[in-house]
Amino acid sequence: MKFFLDTANIEEIKKADDWGLLDGVTTNPTLIAKTGKPFLQVAKEIIEVLGDRPVSLEVVATDYEGMVKQAREIAKLGPNVAVKIPMTADGIKAVKTLSEEGIKTNVTLVFSPMQALLAAKAGATYVSPFVGRLDDISMEGIKLIEEIVAIYNNYGFETEIIVASVRHPEHVRMAALLGADIATIPFAVMEKLFKHPLTDIGLERFLKDWNALPEDFKPDFLK
Ligand code: G3P
C-alpha cells in the first residue's frame, strides 16, 4: 500500500519524507491556496523533493478544452506529475484525450462507484474517491472504496485507487484492509499512525527496568 501526503505544505512534505514512508503527494486548489505562495513555486518545490515519485496537481478549468490545455502545461512540470481532473462529463472526456497522449491523470471529487467506473474506462491513472466528505453527510465513505475495489477487480482495471479525504487512522486501516492501492493522508493523520498509548507505556517501563540495573551489567554500547 502506498502512502501519499495530502498537502501542499513543503515543510510537512520534507518531514514525512524524512520518515522514509512517502510514496507521493496530492494537492488541490484549496491546499495550494493555503500555502500563500504562487502555484508554480509550490509545484516546483514539491516536485524537487519528490524526485521520481508521483505528484498530483489540479486543473481549475471546467470545460473540456480548458482542462486539456491546462493539463498539458501542468504535465510539462515533470514526468512524475499526475493531473487532477474533476469528475464531470467534460472531465472524463479530457481524461480520455490526455491518457491517449500518455499524460497521467487523477480523477478527483469521486463520490460514487459509477463515477469511478467511468474514470477507469477513460483510462485514468488514478481515481480519488473522497471518504471523509461522504462521512460528513452521514454516508459510509469506506463502503464506496469497497465497491470500487470490487468493480475494478471484476474487470482488471489498472487505474489505482487513491483513498482521499482521509480524516483519521481508521480510514487508513479500512483502506488497507480493502486493498486500496493508495491512501492520501493529511500530515496530522500520518503522525497519528505511529502512535499507540500502550507503546508509550511499554517503552517507559522497559527503560525504567533497564535503568534500575547496576551499571556494570550494561555493555558500553547500551549505556
Ligand atoms: O485532495 C482531495 C481530498 O483529500 C480533500 O480532503 O479533507 O478536503 O475532504 P478534504
Side-chain angles (χ1 to χ4, degrees), residues 1-13 16 21-37 39 42-43 45-47 49-50 53-62 67 70-71 74 77 80-88 91-92 94-95 104-113 115-116 118-120 124-146 148-149 159-176 178 180-193:
M1 186 189 193
K2 285 175 264 186
F3 278 7
F4 287 5
L5 199 64
D6 197 24
T7 187
N9 181 313
I10 198 71
E11 299 312 319
E12 290 183 349
I13 292 168
L21 299 174
L22 187 61
D23 299 306
V25 164
T26 54
T27 67
N28 61 38
T30 304
L31 294 171
I32 298 271
K34 262 195 209 166
T35 66
K37 296 190 223 165
F39 175 87
V42 177
E45 278 175 8
I46 298 173
I47 290 165
V49 174
L50 270 284
R53 291 166 287 178
V55 175
S56 285
L57 298 164
E58 191 159 339
V59 297
V60 288
T62 54
M67 280 188 267
Q70 291 184 357
I74 290 173
L77 295 173
N80 55 334
V81 169
V83 184
K84 270 177 114 173
I85 306 278
M87 175 59 229
T88 60
I92 288 301
V95 168
K104 295 187 186 81
T105 54
N106 175 353
V107 177
T108 188
L109 292 164
V110 166
F111 293 96
S112 83
Q115 291 180 322
L118 297 181
T125 317
Y126 303 103
V127 65
S128 291
F130 280 31
V131 292
R133 291 193 196 183
L134 280 171
D135 290 354
D136 289 347
I137 58 160
S138 297
M139 294 189 67
E140 212 185 332
I142 281 298
K143 183 86 189 142
L144 171 62
I145 306 304
E146 192 180 342
I148 299 172
V149 169
T159 302
E160 289 191 75
I161 302 168
I162 303 182
V163 177
S165 187
V166 162
R167 300 281 160 77
H168 42 68
E170 189 59 8
H171 279 147
V172 183
R173 184 181 76 92
M174 290 303 295
L178 292 169
D181 304 281
I182 301 151
T184 190
I185 310 171
F187 184 78
V189 176
M190 210 179 265
E191 275 188 317
K192 285 183 189 161
L193 297 180

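Values reported hereafter were calculated over all heavy atoms of this structure, with side chains retained and with hydrogens, waters and symmetry mates removed. Just so you know, residue 1 is the first one in the sequence shown, and it goes up from there. One-based numbering, in listed order, for ligands and for the atoms of each. Everything numeric in this text was worked out from a predicted model, so none of it was measured.
Residue Ala175 comes nearest to Ile142 through the heavy atom pair N-CD1, 4.3 Å, listed as atom of the first residue, atom of the second, then distance. Across Val149 and Leu178, no two heavy atoms sit closer than the pair CG1-O, 3.4 Å.
Asp135 places a side-chain N or O within 3.5 Å of a backbone atom of Gly141 that can act as its donor or acceptor partner.
Considering backbone and side-chain N/O atoms, Thr108 never comes within less than 3.5 Å of an N/O atom of ligand 1. Considering backbone and side-chain N/O of Ser165, one or more are found under 3.5 Å from N/O of ligand 1.
Looking from atom 8 (O) of ligand 1 to the surrounding protein, the closest heavy atom is Arg133 NH2, 2.8 Å. Looking only at protein heavy atoms, the nearest one to atom 4 (O) of ligand 1 is Asp6 OD2, 2.5 Å. Among protein heavy atoms, atom 1 (O) of ligand 1 sits closest to Asn28 ND2, 2.9 Å.
In the vicinity of Lys84, heavy-atom distances shorter than 4.0 Å reach the ligand 1 atoms 1 (O), 2 (C). In summary, the atoms of ligand 1 found under 4.0 Å from a heavy atom of Phe130, numbered by their order in the structure, are 2 (C), 3 (C), 5 (C). Atoms of ligand 1 lying under 4.0 Å from any heavy atom of Arg167, numbered from 1 in the order shown and given with element: 7 (O), 9 (O), 10 (P).
A side-chain contact (heavy atoms from CB on, under 4.5 Å) with Ile85 is found for exactly one of Thr108, Val59, Ile92, namely Val59.
Distance CZ/Phe111 to CG/Leu144: 9.0 Å, rounded to 0.5 Å.
Counting heavy-atom neighbours within 6.0 Å of Met1 CE, excluding the residue itself, gives a total above 12.
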